[in-house]
Structures are given as structure tokens and as C-alpha cells.
Amino acid sequence: MRARAKYIIPVPSSETVMTQNIIRKGRLTEFDEHASRFTSSVVTDAWLFYYDILVDLAHIRMLKTQAIIGQTTYKALKKSLLNIKERGYPQLPKDVDDVHVAIETALTSDVGTAQAGWLHVGRSRNDEVAACIRMAVRDALLVLKEAVLALQSTLLERAADNVHTLMPGFTHLQHAQPTTLGHHLLAHYDALERDLARLGNCYERTNRSPLGAAAFASTGWPLDRDSTASTLGFDGIIENSMDAVSTRDFVIEALATASNLMITLSRLAEELILWSTSEFGYVELDDKFASTSSIMPQKKNPDPLELIRAKTGTVVGALTASLVICKALPYSYNLDLQEVTPHLHQAMDTTVDCVRIADAVLRTIIINRDRLAEMTSVGFTTATELADTIARATHVPFRTAHTIVGEVVRIGTCDLDTIDRVGIKHVGKPLSLLGLTADDVIEALDVSHNVASRNVKGGPAGSEVARMIKTRRRLLHSRRRRLSLQQNALQRAEKDLLHESGA
Ligand code: ARG
């Protein structure tokens, strides 16, 4: 019984704290200490600290322009906010609701209520936190984009080195048809291309400012919403003030996008795990990205890849948690929304980490081309081409040719004699009499011929794969340029806000 007691979360006595709490002191008496810790987001808000400083700076700049505060107050507030930024998050009071109150509390101790008391005019934490989260998400999306582009570049280069590396392609994890490693890697590249497009779409809807919505009904102060939006590098505002504070759909979208991306990564990771087993032997991980066993000295384990596979669950879990938290919340703001933010933060960090590690593993992985070539024909992978060849040479319908080849595979000998014997059963005469030659059969069974003949758009033929690599190299280049334009726009806005002259 005693040992079990260790696992019970201690409920503190109802000692009280926070009598000096700047927002609480008018309406309420003291907060219960446990309730205070339970409701506070101050620990997880560390992620939002820097963004909140920027949001505060943009807000006071607009208050000054709108003549709501004077130049002296503006200067004092700005100086203190920059100091608070320099001192860092750990220096802020922790026994408060959240980062917003923590900053305002520090500001009040720095410059006094006569000036700090104007920071929150025409503003609520509801629009404030939504702005901070949107800024954090847009940064995370750009970092993710950069990581995805790097991984895509690695996939392209490895594909380019393996345009002619034969390998078996799988369906149902059974050998199916011959293909090339280049073609296979490009498939992962293209999946990432869609992930990248989704990141871009999500960015467009995320990069909108909710500021000026205040609690939900906006304000009677003459705020300029467009100005705070552009100061902070937003591409516009979330117009309806109630919508602006109520929604976390952009968070769900970011998490859904991250989940899709993680699923792409997990499939790549799973293949590399399989391919590095003794059964496959297609690849070997660089020692830098493998682990061993504490008891089995021979082991080389693909730990980073296993964790990519596992962390996909973590990210999908964050999406699921956020969906369920947001479901059926009445408008406008509810504190339930606070519970979403840590899931978002963890999921975005995890996803970036996974993309980067996948890139590093792939960049260094050793490819066993001989083994891939050896396995390419195992399991009658050329059977489809043989059926196609029979249909082409003899004009026997494809389905009949498919049945004949199926039976030949069952017999296990794939030569013209066997095909003729089986053919008589199904079409009444040997297929050699209908135009099938021994050379046709030999060619159909040749794995290189199989691949080379699959030259329809998007197929594995060397010419097609080379063409796809070329167009994707160009695409990658233009994606990189677009990303750096977005990064520069945000950097410019931030630099201007922090270092504006004449303030
Ligand atoms: N910590 C809160 C959050 O993350 C900030 C907004 C709080 N608003 C409120 N009315 N209590 O959502």
C-alpha cells in the first residue's frame, strides 16, 4: 500500500498564492494553489514567449500611431519589452495564468501601472494567444518545408544514382514486377511533393492576424487591425472578430498536414527497416545511424528508423487529441483551446526532427546493388510481361494469356514447350503456331527488357525516370526560391519591429 502511494499525484493543501496577480486582484480573492497550477499554461507557453513579445511590440506601435498612447509611454513600454526579451522566459513570474500575464506583470514591475496599464488596451488574451500560435505555426511550417526540401533533394540524388539499379517491386509485400530503385525513390519524392504543397496551403490560411478581435467582439478603441497584421508579417486578417478568437482550424490543418507527412516518412522508414534485414539485404545503415544490443554483440539495429515509425503515432495522436478537444466547443473562446497548444508544439518539433533524421539516414545508407539485381527476377516477376507478350504475339485475349502463364508458373518451368502444352488446353493449339517464338519468351523473361519497355509516362523505364528527375530538379529549385521569399518577408517584418529607428 505504501509503495503505491508514491504514484498518487499529491494534491497540495489549499494554501493561497497570487494575491498580487495583476488581472485577478479586482474581481477575485486568492486562487487555490493547486487550481492555479492546474489552469496555468505558463510552463508550456515558453514556446510562445518570443512571439508574444513581438505581438506586444506590434500592438503598442499601433496604439501609438492611433494616438491611443503617447510617445513617452510607447518608448517606455518598448524598452521594457525588449529588456524582458533579453532577460528571457525563465526570469518571468511563474505563478500566473500564462505567458501573457507573466509579461504584463514584468512590464508592470519595470515601468509601473501608469504606463504598463496601457499595454492591454483594446486587446484580450484571446486574440493575443491566437496571434502567437499562428506565428509559431507559420515558423514551424517554414522550418518543415526547408527540411522536406532537403530530404527531397537527397531522394532525387539517390534516385539519379540508381536510375538503372534493378530491384523487385512489391504488391502485398510479395514480389510483383521488376522496377528500379530510382523509380521507387522517386515515388517517395512525389509523396513528399504533395506534403510540401499541403504545408504551403496550410501556411496561407495560418498566416492571418486575429489581432484586434479582442475577447471576440472587437473593441470601441480605434484600432488598426491591418497595421498590426502587416507589422507582424501576416498576409491579412481573420476578419470576423468572433471567428478570429474561436478557431483552431489552422492548428488542426497543420497537425493533419504533419500527420500525412509522418505517414509518408513512416512508410519510407518501414521499407528501409525491412530492406536492412538479413532476409532482404538490400541496404545497410551507416554505423552513424545504427545501434547495437547490450547482449547480442552482432546486432546492427535501425533505431532512428524505428523511432520515425513510432513517432508517427505521436503526431497522429496530437492530431486526434486536438480534434477531440475542439469538437463541439461553443463559440467564442474557451480555455479548452489552451490544451491544444502543447500537442501542437510537440507534434511540430517531432515532425521536423523526423524529416531531418530520415534525410541523414537516407543520405548515408549503403545500397547493395548485387543483392537487388539477384532478387529482381525471383518469384516470376516477369510473368505479367510474358502474358502481355503472348497476347501481343498471338492475339489470344490477355485474360487467356494470364491464365496460361499462371498455370506455367504453377508448373514451375517457363519455356516455349511448356507454354505450348498449356496453351493447347486453353486455345486448342500450341501458341508457337499462333506466332509466339522462343526469342519472344526469352525477351519477356528478361528483367532489363521488362523495365525498359515500361516507358509510358511515369513508368520505371530509364528514359522516363531520367526525365522525371530532370523536371523535379527544376521544381525543387523553384520551391526553394519561394521558401526563401517567405522566410525573408518574415525576417524583414521582425527586424523592422525590433530595430525600427526613431521610435
Ligand atoms: N493561456 C491561454 C491559451 O493558451 C490564453 C488565453 C486565455 N484567455 C482567457 N480568457 N482565459 O489559450
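Values below: all heavy atoms of this structure, side chains included; hydrogens, waters and symmetry mates excluded. Since the structure is predicted, the reported quantities are computational estimates derived from the model, not experimental observations. The first residue of the sequence shown is numbered 1, and numbering continues consecutively from there. Atoms within each ligand, like the ligands themselves, are counted from 1 in listed order.
- For ligand 1, one of its N or O atoms has an N or O atom of Gln338 under 3.5 Å away.
- For residues 309-344, no pair satisfies ring pair (Phe, Tyr, Trp, His ring centres under 6.0 Å), with sequence neighbours left out.
- For atom 9 (C) of ligand 1, the closest heavy atom belonging to the protein is Asn126 OD1, 3.5 Å.
- Remark: ligand 1 and His100 share no N or O pair separated by less than 3.5 Å (distance only, no angle test).
- Taking each of Val101, Val245, Val340, Asp98 in turn, the one with a heavy atom nearest to atom 5 (C) of ligand 1 proves to be Asp98.
- Looking at ligand 1, you won't find any N or O of Arg248 less than 3.5 Å from one of its N or O atoms.
- Although no hydrogens or angles enter the test, the distance criterion places a donor-acceptor pair under 3.5 Å between the side chain of Thr351 and the main chain of Ala347.
- By the 4.5 Å heavy-atom criterion applied to side chains, Asn126 and Phe216 are not counted as neighbours.
- Within the listing of ligand 1, atoms 1 (N) sit less than 4.0 angstrom from a heavy atom of Ser41.
- Figure legend: Arg134 and Phe234 shown without cation-pi pairing, the cationic atom not lying both under 6.0 angstrom from the six-membered ring centre and within 45 degrees of its axis.
- Using bins of under 30°, 30° to 60° and over 60° for the plane-to-plane angle, the ring pair His345/Trp47 lands in the parallel bin.
- For the pair Tyr333 and ligand 1, the shortest N or O to N or O distance falls below 3.5 Å.
- With respect to atom 11 (N) of ligand 1, the closest heavy atom belonging to the protein is Arg125 NH2, 3.5 Å.
- Between the side chain of Arg225 and the main chain of Leu211, a donor-acceptor pair closer than 3.5 Å is present.
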